[in-house]
Amino acid sequence: MIRTRFAPSPTGFLHVGGLRTALYNYLFAKSHNGRFILRIEDTDQSRKVPGAVENLIETLKWANVTPDEGPEFGGDLGPYIQSQRLEIYRQHIQSLIEKGHAYYCFCSTDRLDALRKQQIAEHRQPRYDNRCRTLSDSDIRKRLANNEPHVVRMKTPETGTIEIHDLIRGNVPFPAEQLDDQVLMKSDGYPTYHLANVVDDHLMQISHVIRGEEWLPSTPKHQLLYKYFGWDSPQFAHLSLLLNPDKSKLSKRQGDVAVEDYRKKGYLPEALINFLALLGWNPGTDQEIFSMEELIHEFSLERVGRSGAIFNVEKLAWMNGHYIRTLSPEKLFQLSSGFLPDRSGWSDSQTISVLTAIQEGLTKFSELPDKTRLFFTEKLNYDIPDIQEYLAKPEAVTILESLVSQMEIVQDFNGDSFVAAIKTVQKTTGIKGKPLWMTIRAALTGETHGPEIHVITNILSQETCACRLQLALDYARRQTSRN
RNA sequence: GGCGCCAUCGUCUAGUGGUUAGGACAUCACGCUUUCAAUGUGGUAACCGGAGUUCAAUUCUCCGUGGCGCUACCA
């Protein structure tokens with residue numbers, strides 16, 4: 001049974017890199033009929049953020065990367081929140097101490113800091129000097145009885161090489177003397193990542209650990225821990241990191257990193273997932289668009305790349321536009337709620353025709369207020385250079401006077417009859433082509449681009465159009481008389 | 001500094017001991033469209049450097065360079 005897990009710390013919003021890690025775990029598990037587990041690694045009390053767990057779960061659900069087990073998802077191997085498993089860790093640390101693979105350390109943080117500073121000053125490798133390894137049993141008992149603050153460290157080998165096998169990177173050797181006597185239990189009684197992670201992955205029967213590359217250097221320590229416990233270690237696969245456009249590690253400051261940010265801007269989960277899947281993985285074919293089902297079917301760790309990938313928002317935007325174009329009118333309307341500006345006086349079905357009219361040019365829902373303004377606005381603004389280029393001309397007065405009078409006699413107002421009216425204007429005024437059409441577009445919408453005129457006038461009422469044209473005519477007259 | 005990972009168009013990537021080095025985004029041109037977009041067609045654009053192995057290296061090996069990660073009682 002393949003079992004994978006996503007094990008975030010609840011320190012804030014879910015990061016897009018985190019979502020990619022979760023996704024790869026999910027896809028790998030699902031493609032092998034396995035299970036995907038969510039575990040919350042909240043062993044650092046100082047970094048805990050209230051509400052982060054709920055937000056994490058909510059975001060995973062939104063993205064459709066839904067755990068089979070985890071807090072709120074059930075499962076037989078819980079609890080799935082590490083702060084609720086302290087007793088389990090305590091017992092395991094005790095067994096390690098008894099077997100001689102771990103030891104109490106009473107060194108103060110002051111001493112540790114001083115030690116590190118000195119080592120750096122002497123250009124030596126900063127690491128613990130193993131001082132408490134050799135404490136006598138009676139000494140330890142006495143200091144424990146005195147309630148002296150202490151941690152528990154693991155005993156690492158002094159020499160030799162520890163080689164780990166990574167599914168993506170192959171065999172990676174690490175010289176043992178590089179390994180620090182890592183702290184396993186902190187003085188507050190909480191385990192560190194290294195201990196809790198190994199214990200939980202074993203107890204939760206995780207078969208494959210798929211995580212970020214930042215964990216590669218500590219994997220030999222984890223491997224050692226499995227050996228000390230007498231357990232088989234899971235398989236490892238370390239994913240490359242997501243990068244900023246300047247190739248530094250993806251971070252706030254250079255753009256949005258929280259999944260939440262993209263959701264708020266109106267990116268669809270399908271697009272974000274499709275995009276993230278292709279950042280470091282490819283199917284070996286030319287296919288670019290994948291549904292979650294297709295991803296599950298196609299995904300394999302063998303085709304995951306080794307180098308870091310820049311998070312290219314432009315491609316995500318293209319992909320999002322692609323998914324938006326496939327939306328049915330009803331779905332489009334449903335998803336646009338929360339992004340629409342005030343549209344009092346507009347029914348849902350009228351709103352749907354507005355949305356359909358601008359659908360093909362939409363790349364994300366946050367553009368909605370801008371792109372729908374020409375329909376919903378109460379008052380058009382002609383006082384911008386692009387518009388004045390057309391309306392502040394004597395020609396505009398001629399065109400609009402003619403069109404306004406046409407409006408009074410037009411029958412069955414709609415896109416077609418309005419276009420017919422424009423043709424009449426063309427005949428009577430002799431003005432044609434871009435000057436004619438753009439002037440009318442400017443008058444009608446206050447913008448120089450948008451959907452086709454007949455599409456717009458199919459939606460806008462005759463009254464609205466007549467009113468806007470009259471307003472534009474007045475404006476054109478004022479502008480030209482002034483000059 | 002030490003240890004480790006990585007290296008093909010601007011970006012995501014495919015690929016090979018002999019290829020016109022392929023696709024997608026972006027970009028440019030043209031078509032369609034009396035606007036924009038969408039769409040169609042075409043174009044520009046890459047094997048980090050140096051040795052070695054080989055008849056032949058972008059591909060294999062080593063070195064260098066660069067980028068990144070780790071080097072906490074954070075994960």
Side-chain angles (χ1 to χ4, degrees), chain A residues 7-11 41-44 46-47 105 107-109 112-113 116 119-120 122-128 149-153 164 166 168-169 172-175 177-180 182-194 196-197 211-220 238 240-241 243 245-249 275 278-289 303 305-319 321-322 325 358-363 371 386 390 419 422 426 432-438 440-442 445 447-453:
Chain A
S9 309
T11 54
E41 310 225 323
D42 59 343
T43 55
D44 187 349
S46 61
R47 297 210 308 162
C105 169
C107 294
S108 68
T109 42
L112 261 20
D113 287 346
R116 194 172 305 118
Q119 286 166 331
I120 290 169
E122 292 169 8
H123 300 293
R124 286 190 293 138
Q125 157 103 335
R127 51 166 296 170
Y128 182 58
H150 62 274
V151 301
V152 176
R153 289 178 183 274
I164 64 160
D166 185 278
I168 293 170
R169 286 151 215 286
V172 186
F174 291 89
E177 69 266 22
Q178 285 291 322
L179 301 183
D180 211 344
Q182 191 60 238
V183 170
L184 298 179
M185 180 180 273
K186 300 180 260 188
S187 53
D188 64 0
Y190 279 76
T192 57
Y193 171 88
H194 307 284
N197 189 262
R211 74 227 306 189
E213 195 183 18
E214 70 268 28
W215 294 111
L216 191 58
S218 49
T219 306
H238 288 91
S240 60
L241 269 10
L243 311 173
D246 70 354
K247 286 186 185 290
S248 58
K249 186 179 175 182
F275 173 68
L278 256 19
L279 234 41
W281 170 85
N282 77 85
T285 67
D286 285 349
Q287 188 176 348
E288 296 275 340
I289 301 297
R303 294 203 66 86
R306 292 157 302 268
S307 49
I310 292 173
F311 190 90
N312 179 205
V313 193
E314 282 177 342
K315 187 156 186 177
L316 171 61
W318 166 77
M319 208 168 253
H322 170 87
R325 269 170 249 130
I358 57 144
Q359 179 171 20
E360 64 184 10
L362 204 59
T363 60
K371 302 229 174 194
D386 281 357
Y390 295 100
V419 168
I422 296 175
Q426 178 177 326
K432 56 179 181 171
K434 200 173 167 185
L436 171 68
W437 290 81
M438 284 307 283
I440 294 168
R441 172 180 296 283
T445 68
E447 289 174 15
T448 52
H449 46 245
E452 291 176 44
I453 297 285

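We use all heavy atoms of the structure for the numbers below, so side chains are in, but hydrogens, waters and symmetry mates are not. Order of the sequence lines sets the chain letters (A, B, ...), proteins ahead of strands, with each chain counted from 1.
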Just the rounded figure in Å: distance from C1' of B:U35 to OH of A:Tyr390. 8 Å

Taking only residues two or more places apart in sequence, or in another chain, which ones meet A:Val172 in a side-chain contact (heavy atoms from CB on, under 4.5 Å)? A:Ile164, A:Arg169, A:Phe174

Output the rounded distance in Å from NE2 (A:His150) to C1' (B:C73). 12 Å

With A:Asp180 via side-chain hydrogen bond (donor to acceptor under 3.5 Å, both in side chains) - residues at least two apart: none

Just name whichever nucleotide pairs with B:A56, Watson-Crick or G-U, keeping both distances under 3.5 Å, else none. none

Of A:Lys432 and A:Thr285, whose closest RNA chain B nucleotide lies nearer the 5' terminus? A:Thr285

Considering only nitrogen or oxygen atoms on both sides, find all protein atoms under 3.5 Å from nucleotides 38-47 of chain B and state each distance.
unit_1: B:U39; atom_1: OP1; unit_2: A:Arg325; atom_2: NH1; d: 3.4

Who passes ring-ring contact (aromatic ring centres under 6.0 Å, His included) against A:Tyr193, sequence neighbours left out? A:Trp215, A:His222

When you get a sec, tell me which of B:G23, B:A75, B:U13 is the closest nucleotide to the side chain of A:Asp286? B:G23

Among the nucleotides B:U35, B:C74, B:C68, whichever has the atom closest to the side chain of A:Arg47 is B:C74

Residues in ring-ring contact (aromatic ring centres under 6.0 Å, His included) with A:Trp437, at least two apart? none

I'd like the C1' distance from B:U33 over to B:U16, given in whole Å. 44 Å

Which pair of heavy atoms, one from A:Pro126 and one from A:Ile120, lies closest together, and at what distance? CG-CG1, 4.0 Å

Stepwise, does the side chain to side chain contact (heavy atoms under 4.5 Å, CB included) test hold for A:Thr219 with A:Arg211? CA-CA 11 Å; A:Thr219 306; A:Arg211 74 227 306 189; 3.3 Å; yes

Quantified in whole Å, what is the P atom distance between nucleotide B:U41 and nucleotide B:G23? 12 Å

Take atom CH2 of A:Trp215 and atom C1' of B:C68, then tell me their distance rounded to the nearest Å. 17 Å

Tell which nucleotide pairs with B:C9, taking only Watson-Crick or G-U wobble pairs whose two distances are both under 3.5 angstrom. none

Both distances under 3.5 Å, Watson-Crick or G-U wobble: report the partner of B:A21, or none. none

Counting any heavy atom closer than 4.0 Å, what does A:Ser9 reach on the DNA or RNA strands: base, sugar-phosphate only, or nothing? sugar-phosphate

Opposite nucleotide pairing with B:G40, Watson-Crick or G-U, both atom distances under 3.5 Å: B:C30

NA contact type, A:Gln426, heavy-atom cut-off 4.0 Å: base, sugar-phosphate, or nothing? base

May I have the distance from A:Arg441 (atom CZ) to B:A37 (atom C1'), rounded to whole angstrom? 11 Å

Take atom C1' in B:A45 and the same atom in B:U20, then report the distance between them in whole Å. 15 Å

RNA chain B: 5'-proximal contact among A:Arg124 and A:Asp180 (nearest heavy atom): A:Arg124

Taking OH from A:Tyr193 and C1' from B:C74, how many angstroms apart are they, rounded to a whole number? 12 Å

Just name whichever nucleotide pairs with B:C73, Watson-Crick or G-U, keeping both distances under 3.5 Å, else none. none

Using a 4.0 Å heavy-atom cut-off, does A:Arg211 contact any base of the nucleic acid, only the sugar-phosphate backbone, or nothing at all? nothing

Under 4.0 Å, counting only non-hydrogen atoms across every strand here, what does A:Glu452 touch: a base, just sugar-phosphate, or nothing? base

For the atom pair SG (A:Cys105) and CG (A:Leu184), what is the distance rounded to the nearest 0.5 Å? 11.0 Å

Mind checking the P distance from B:G2 to B:C63? Whole angstroms is fine. 15 Å

Inter-nucleotide P distance (B:G15, B:G69), Å rounded: 27 Å

What is the distance from NZ of A:Lys371 to C1' of B:C36, rounded to the nearest Å? 8 Å

Rounded interatomic separation in angstrom, taking CD from A:Gln182 and C1' from B:C70: 11 Å

Are A:Ile168 and A:Arg306 close enough, and set up right, to give a side chain to side chain contact (heavy atoms under 4.5 Å, CB included), and what steps lead you there? CA-CA 7 Å; A:Ile168 293 170; A:Arg306 292 157 302 268; 3.8 Å; yes

Taking only the P atom of each, what is the distance from B:C9 to B:A21 in whole angstrom? 15 Å

B:C74 and B:C68, which share atom name P, separated by this distance in whole Å: 26 Å

Nucleotide forming a Watson-Crick or wobble pair with B:C68, both distances under 3.5 Å: B:G4

Is A:Arg127 touching bases, backbone alone, or none of the nucleic acid, heavy atoms closer than 4.0 Å? nothing

Where protein sits on nucleotides 3-12 of chain B, one letter per nucleotide: B base, S sugar-phosphate only, - none, heavy atoms under 4.0 Å: SSSSS---SB

Watson-Crick or G-U wobble mate for B:G49, both contacts under 3.5 Å: B:C63

Atom pair distance, as rounded to whole Å: CG in A:Leu362 and P in B:C36: 19 Å

Between B:C68, B:U35, B:A14, spot the one nearest the side chain of A:Leu241, thanks. B:C68

For A:Arg127 against A:Glu177, the heavy-atom pair lying closest together: NH1-O, 2.6 Å

Under 4.0 Å, counting only non-hydrogen atoms across every strand here, what does A:Thr43 touch: a base, just sugar-phosphate, or nothing? sugar-phosphate

A:Glu314 side chain vs A:Leu316 backbone, donor-acceptor pair below 3.5 Å: no

Side chain of A:Trp437, heavy atoms from C-beta onward: which of B:U34, B:C74, B:C36 has the nearest atom to it? B:U34

Side-chain N,O (A:Lys434) to OP1/OP2 (B:C36) below 4.0 Å: no

Between B:U59 and B:G17, how far is it from one P atom to the other, in whole Å? 11 Å

